[in-house]
Amino acid sequence: MAPQTRRTTSFPRVIIDNDTDSEHSSSEEEEEEQVEEEEDVAVRNNGMEPEQSLDPKNKGKAPICISLKKVCKVCKKAGHEAGFKGATYIDCPMKPCFLCKMPGHTTMSCPHRIATEFGVIPASHKCSSNQLFYVFERQLGHTRSQVKPVRIIPDQVCCAVIRYHSRRVTTLEFHPTNNNILLSGDKKGQVGVWDFGKVYEKIVYGNIHSCIVNNMRFSPANDGTVYAASSDGTISCTDLETGISLSLLNLNPDGWQGPNSWRMLYGMDLNKERNAVLVADNFGYLYSVDIRSNTKTGEAILIHKRGSKVVGLHCNPVQPDLLLSCGNDHYARIWDMRRIEARSSLYELAHKRVVNSAYFSPLSGSKIVTTSQDNRLRVWDSIFGNLDSPSREIVHSHDFNRHLTPFRAEWDPKDPSESLVVIGRYISENYNGAALHPIDFIDISTGQLVAEVIDPNITTISPVNKLHPREDILVTGSSRSLFVWRPKESESVEPKDEGKIVVCGKDMKRGGGHGDESDNSDGDTFSSKKKNSKGKKSNLKSYKSINKKVKR
DNA sequence: AATGCATGCGGCC
DNA sequence: TGGCCGCCCTGCAT
């Protein structure tokens with residue numbers, strides 16, 4: 001097509017702004033070659049002839065000028081570039097630091113990245129000595145150890161289910177008594193039950209929820225029963241053996257009436273003493289359901305800003321009537337369930353942005369760690385101390401884009417000193433040429449990064465992580481796959497199943513129970529002990545190397 | 001390989 | 001207050 005033809009069309013005039021070392025334009029042929037060669041061609045407006053902008057079909061837009069400058073993808077300005085150079089991401093210097101959000105530097109030179117104690121901001125004042133504190137210390141202080149144990153970090157993938165779910169994993173939960181059973185929920189509403197000790201033993205229930213499973217908890221009375229809260233607005237109660245499920249609460253009995261009325265359930269926890277399931281919705285309300293009668297108790301209570309999502313609920317492990325909530329209104333709040341009503345919170349813990357999670361410490365229940373979208377973990381060393389400001393803020397990359405499950409820092413339930421948390425990292429790091437997203441173990445008493453765990457085969461971001469309540473095991477939900485990590489020397493996998501990777505087919509709707517090695521019904525299965533069949537090519541690349549890695 | 005899409009949240013008007 | 005626009009490291013399907 002001749003250039004003249006293009007200029008007579010109604011499209012904005014296209015001008016090639018050749019910004020090579022020489023200021024002069026080259027011939028049109030050369031320009032076209034350069035257009036093909038250039039990777040980054042920016043389109044920007046510049047002031048042009050008035051008759052162009054008067055053209056009604058241009059709708060007042062100035063003609064488009066195609067610049068051949070190397071242009072920043074982030075701020076669209078010339079002179080620098082942002083984006084991946086190999087496996088290293090170069091920040092745009094015009095934007096605040098992607099890690100700590102402060103202007104004046106980039107992630108690479110961020111003081112929080114360089115600091116030995118990875119990004120700790122000390123509290124402006126520390127005052128943790130009121131009367132309650134001393135009473136607490138005398139009564140409960142012994143439940144946590146002041147001596148930090150030797151950290152055993154599960155840092156080797158020992159088995160995995162690739163593409164187990166049909167959508168990304170959103171929540172994980174360990175079985176309360178059976179050490180090898182892992183529950184997983186996904187964005188589509190499916191609930192998976194996986195015996196990772198036997199690797200092939202897996203079931204996916206697809207009819208419990210119709211969209212995101214946000215939280216799951218085992219029944220304290222019966223460990224074959226699990227409760228789940230979902231964005232479909234229901235709490236389910238499922239028998240894991242049969243998959244038979246009943247709905248304890250349905251906030252959308254009239255079905256879909258548009259996005260303004262559709263209620264979704266996010267935060268959920270159990271209050272054992274009250275035999276209650278507590279859930280909170282996307283409009284700021286808390287609900288309580290009695291699990292003996294399966295009926296709602298009382299009215300919904302507004303616990304966060306009206307219309308804002310409550311994403312997390314946690315009952316204190318020592319005093320279950322103490323409830324911790326967090327939400328999109330930038331607050332975490334502590335409540336007393338014995339006298340809870342709107343605006344009656346005991347404390348409000350302010351954050352700069354959305355709070356993804358807030359948890360009491362697992363043993364003494366006296367510490368709090370929160371994860372906020374401002375890329376900071378906040379630590380309160382004692383709920384009996386001064387809660388006006390956190391004891392520590394730890395800068396850590398976990399602000400997510402809209403398509404990821406929110407990151408949550410989770411305690412190590414086995415750590416007697418209550419100082420170790422695990423959380424996935426959003427920002428990628430260059431590991432010998434591969435851009436990987438590690439899973440971080442952080443000592444919240446110092447802010448120190450204790451370990452960063454990676455596997456070259458996990459190239460996706462891993463926002464969902466959980467540490468085993470009794471064993472040195474980490475499980476990770478990364479995209480649609482699940483990974484089990486153990487410490488390097490651990491031999492606790494059944495020998496015949498060691499290092500097995502199960503790959504589920506993408507068309508899997510419901511897991512077949514006992515996938516032995518010849519069972520291909522819901523996807524190919526592979527292990528390090530047998531040769532790979534010539535299965536699906538796209539999967540092959542990733543699990544081949546996993547197999548190589550786990551073969552020891 | 002390139003493209004499109006799903007759809008949360010902050011900021012701006 | 002509400003609607004609309006835009007988004008820096010997605011993941012997956014086509």
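Sequence lines set the chain letters: A, B, ... in the order given, protein chains first and strands last, and positions in each chain run from 1.
Each salt bridge (charged side-chain N to carboxylate O under 4.0 Å, His left out) pair with one or both residues in residues 396-410 of chain A, not counting sequence neighbours, appears once here: A:K101-A:D399, A:E410-A:K466.
With sequence neighbours excluded, no residue forms a ring pair (Phe, Tyr, Trp, His ring centres under 6.0 Å) with A:H209. Under the rule for a ring pair (Phe, Tyr, Trp, His ring centres under 6.0 Å), A:W485 has no partner lying at least two apart in sequence or in another chain. Residues forming a ring pair (Phe, Tyr, Trp, His ring centres under 6.0 Å) with A:Y285 (at least two apart in sequence, or on another chain): none. For A:Y89, the ring pair (Phe, Tyr, Trp, His ring centres under 6.0 Å) criterion is met by A:F84, not counting sequence neighbours. Residues satisfying the side chain to side chain contact (heavy atoms under 4.5 Å, CB included) test with A:R168, not counting sequence neighbours, are A:T170, A:K187, A:T405. Listed by chain and number, the residues in a side chain to side chain contact (heavy atoms under 4.5 Å, CB included) with A:H437 are A:S428, A:I461 (sequence neighbours excluded). Applying the salt bridge (Lys or Arg N to Asp or Glu O under 4.0 Å) test to A:D269 and every residue at least two apart in sequence or in another chain returns A:R217.
Side-chain polar atoms of A:N465 and A:T476 form a donor-acceptor pair below 3.5 angstrom. Side-chain N/O atoms of A:H165 and A:S184 include a donor and acceptor closer than 3.5 Å.
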Please list, for nucleotides 1-5 of chain B, all pairs of protein and nucleotide N/O atoms separated by less than 3.5 Å.
none

Polar atoms only, N or O, under 3.5 Å: list the protein pairs with nucleotides 7-11 of chain C and their distances.
unit_1	atom_1	unit_2	atom_2	d
C:dC7	N4	A:R402	NH1	3.2
C:dC8	O4'	A:Y89	OH	3.4
C:dC8	O2	A:Y89	OH	2.7
C:dC8	N4	A:P96	O	3.3
C:dC9	OP2	A:Y426	OH	3.3
C:dC9	O2	A:S428	N	3.0
C:dC9	O2	A:S428	OG	2.7
C:dT10	O4'	A:N401	ND2	3.1
C:dG11	OP1	A:I461	N	2.7
C:dG11	O3'	A:S479	OG	3.0

Could you list, one pair per line, each protein nitrogen or oxygen that sits under 3.5 Å from a nitrogen or oxygen of nucleotides 9-13 of chain B, together with the distance?
unit_1	atom_1	unit_2	atom_2	d
B:dC9	OP1	A:K309	NZ	3.4
B:dC9	OP1	A:N328	ND2	2.9
B:dC9	OP2	A:K309	NZ	3.4
B:dC9	OP2	A:N328	ND2	3.2

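More than 12 non-hydrogen atoms from other residues, nucleotides or ligands lie less than 6.0 angstrom from CD of A:E348.
Taking the C1' atoms as reference points, B:dT7 lies 16 Å from C:dG3, given to the whole Å. For the C1' atoms, the distance linking C:dC9 with B:dG11 amounts to 22 Å, nearest Å.
Between the CZ atom of A:F407 and the P atom of B:dG8 there is a distance of 17 Å, rounded to whole Å.
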Problem set entry | CA sep, side-chain torsions, deciding dist, call: A:L286, A:L323, side chain to side chain contact (heavy atoms under 4.5 Å, CB included) | CA-CA 11 Å; A:L286 173 77; A:L323 177 70; 4.1 Å; yes
Exercise. Dot-bracket for DNA chain B, 5' to 3', counting Watson-Crick or G-U wobble pairs under 3.5 Å, with [ ] for crossing pairs and | for inter-strand pairs?
Worked result: .|||||.||||||
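Side chain of A:N252 to main chain of A:W262: no donor-acceptor pair is present (N/O by atom type, distance under 3.5 Å, no hydrogens or angles).
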